[in-house]
Amino acid sequence: MASNVNPTVRRRRLGQELRRLRELKGMTAEEVAERLLVSQSKISRLENGRRSISQRDVRDLCGVYEVEDHRIVDSLMQMAKDSRQQGWWHAFGDIPYSVYIGLETDAASLRVYDPQVVPGLLQTRQYAEALIAGALPETAVSDIEKRVQVRLRRQERISAAENPLRLWVVIDESALRRVIGDRQLMIQQLEHLVELSRLPHVTVQVLPFTMGAHPGINGQYAILEFPDAADSSVVYIEGVTSDLYLEKAHDVQKYSVMYEHLRAQALNVEQTRQFIMEIAKDYAR
């Protein structure tokens, strides 16, 4: 069953357990780092699941925390082994947002707000190609194709016959007005958006310009929730050179409240479909 192991999620769960053991021991990350002669940043990265955890790391940490139950140690060691396996996305080479892909692959639901473009999971191939080429003008054609292939593979969560991703998207009107590629491509993209919005597990709402200022004015973000109660929700904010992952309960709560306000201010589902098709008609004129 190793092929079904999600290394990103394994690292995250293992990191959470190691943090719990440290806190039970009443130690700070700095104190642990001093004991193991490593940097405090390494301990922090191990605990937040942003780097691979070796079995040796687990053994050393369990020694510091004086974990005497061999079953716990063996379980953590197995998780460390699983966390070093490769997810499907590694077959495409170096993907800048591979951590996010790992989280998205295991998520049960995803709430997205995007003020600039149609979210990746709802993009047509042509839209994705034009968008990536425009956003990354110095990228080789082969790398653009690789990114498109990854995006299309991610979209399989939407079309999955069993346990499809529950997706809720709020899109700013500017994302629909921004011409990516050409007008015909935009018509196809908008029609595709309406079609996907009819899936029972996909909800799309548009936030029109007439709403003025709103809680999402500061930019794009996504909230991922997981089927296992042990996995806390994550807020993902995409950056140019690095991404931000927020997992503290009060941070997630703040963004969740913001999202509720966005959903309340946006057009309802049927109004959204009519609104999108009106814009598509404008492109056809």
Side-chain angles (χ1 to χ4, degrees), residues 1-13 49 82-83 85-114 117-133 135-136 139 141-171 175 180-181 185-186 188-205 220-228 231 233-236 238 243 245 269 273 276:
M1 296 297 292
S3 61
N4 292 327
V5 170
N6 185 325
T8 303
V9 173
R10 282 289 190 273
R11 286 200 304 269
R12 189 163 175 256
R13 290 175 182 169
D82 291 342
S83 73
Q85 296 183 27
Q86 294 189 332
W88 63 259
W89 51 94
H90 287 98
F92 293 88
D94 184 24
I95 303 298
Y97 55 105
S98 60
V99 171
Y100 172 77
I101 296 176
L103 294 173
E104 182 186 83
T105 299
D106 205 58
S109 68
L110 175 63
R111 288 174 284 169
V112 179
Y113 168 66
D114 205 313
V117 297
V118 174
L121 292 178
L122 303 179
Q123 294 173 6
T124 65
R125 165 185 272 278
Q126 293 77 13
Y127 184 96
E129 289 174 345
L131 177 62
I132 295 170
L136 303 170
T139 302
V141 174
S142 59
D143 287 336
I144 292 175
E145 177 59 22
K146 178 179 69 174
R147 286 172 176 262
V148 171
Q149 288 297 329
V150 170
R151 192 155 301 183
L152 296 178
R153 177 66 184 272
R154 288 170 52 208
Q155 292 177 2
E156 292 180 7
R157 285 299 317 278
I158 302 298
S159 57
E162 296 184 8
N163 299 319
L165 179 67
R166 176 70 180 91
L167 178 63
W168 198 307
V169 171
V170 176
I171 311 174
I180 304 297
L185 188 155
M186 288 301 300
Q188 295 171 353
Q189 174 59 71
L190 296 184
E191 290 176 344
H192 181 66
L193 188 58
V194 169
E195 180 181 355
L196 290 179
S197 76
R198 299 187 187 282
L199 293 175
H201 53 280
V202 176
T203 301
V204 178
Q205 291 182 265
Q220 178 271 351
Y221 68 93
I223 305 173
L224 301 102
E225 296 173 311
F226 303 89
D228 194 320
D231 296 323
S233 299
V234 178
V235 175
Y236 169 70
E238 185 177 357
D243 300 329
Y245 298 87
V269 171
R273 293 187 186 120
I276 293 174

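A quick note: this is a predicted structure, and the numbers were derived from the prediction, not measured.
Legend: residues meeting side-chain contact (heavy atoms from CB on, under 4.5 Å) with D243, ordered by chain and number and at least two apart, are Y97, Y236, E238, Y245. Listed by chain and residue number, E129, E145 satisfy the salt bridge (Lys or Arg N to Asp or Glu O under 4.0 Å) test with R125 (two or more places apart in sequence, or in another chain). Annotation: salt bridge (Lys or Arg N to Asp or Glu O under 4.0 Å) contacts of E195 (sequence neighbours excluded): none. R151 meets the salt bridge (Lys or Arg N to Asp or Glu O under 4.0 Å) test with no other residue; sequence neighbours excluded. Legend: residues meeting side-chain contact (heavy atoms from CB on, under 4.5 Å) with E104, ordered by chain and number and at least two apart, are Y100, L110, L121, R154, L224. Considering only residues two or more places apart in sequence or on other chains, Q155 meets the side chain to side chain donor-acceptor pair (under 3.5 Å) condition with none of them. Taking R157 as the reference, nothing meets the side chain to side chain donor-acceptor pair (under 3.5 Å) condition, with sequence neighbours excluded. The side chain to side chain donor-acceptor pair (under 3.5 Å) check on S98 picks up nothing, with sequence neighbours excluded. Scanning for salt bridge (Lys or Arg N to Asp or Glu O under 4.0 Å) contacts around D114 gives an empty result, with sequence neighbours left out. Under the side chain to side chain donor-acceptor pair (under 3.5 Å) criterion, R166 pairs with T203, sequence neighbours left out. Evaluation of the side-chain contact (heavy atoms from CB on, under 4.5 Å) rule for S233 yields E225, V252 as partners, not counting sequence neighbours. With sequence neighbours left out, the side-chain contact (heavy atoms from CB on, under 4.5 Å) criterion links T124 to Q126, Y127, Q189, H192.
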Could you go step by step and tell me if Y113 and I223 meet the side chain to side chain contact (heavy atoms under 4.5 Å, CB included) rule? CA-CA 9 Å; Y113 168 66; I223 305 173; over 6 Å; no
Applying side chain to side chain contact (heavy atoms under 4.5 Å, CB included) to V204 and I171, what does each step give before you reach the verdict? CA-CA 8 Å; V204 178; I171 311 174; 4.1 Å; yes
Let's go through W168 and Q205 carefully: what are the C-alpha distance in whole Å and the side-chain angles of both, what is the deciding distance for side chain to side chain contact (heavy atoms under 4.5 Å, CB included) to 0.1 Å, and is it a yes or a no? CA-CA 8 Å; W168 198 307; Q205 291 182 265; 2.9 Å; yes
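In this structure, the side chains of I158 and V202 come closer than 4.5 Å at one or more pairs of heavy atoms. Between I101 and T105, some side-chain heavy-atom pair lies under the 4.5 Å cut-off. Taking the side chain as every heavy atom from C-beta outward, I132 and V148 approach each other to under 4.5 Å. Contact check for E156 versus W88: no side-chain heavy atoms found under the 4.5 Å cut-off.
In this structure, CG on D228 lies 10.0 Å from CZ on R12, to the nearest 0.5 angstrom. The structure places CZ of R198 at 11.0 Å from CG of L193, a figure rounded to the nearest 0.5 Å. Rounding to the nearest 0.5 angstrom, the gap separating the NE2 atom in H201 from the CG atom in L167 is 8.0 Å. Atom CG of D106 sits about 6.5 Å away from atom CG of D231, to the nearest 0.5 Å.
The two residues F226 and L103 have their closest heavy-atom pair at CE2-O, 3.3 Å. Taking both residues in full, the closest heavy atoms of P119 and V169 are given as CG-CG1, 3.6 Å, listed atom of the first, atom of the second, then distance.
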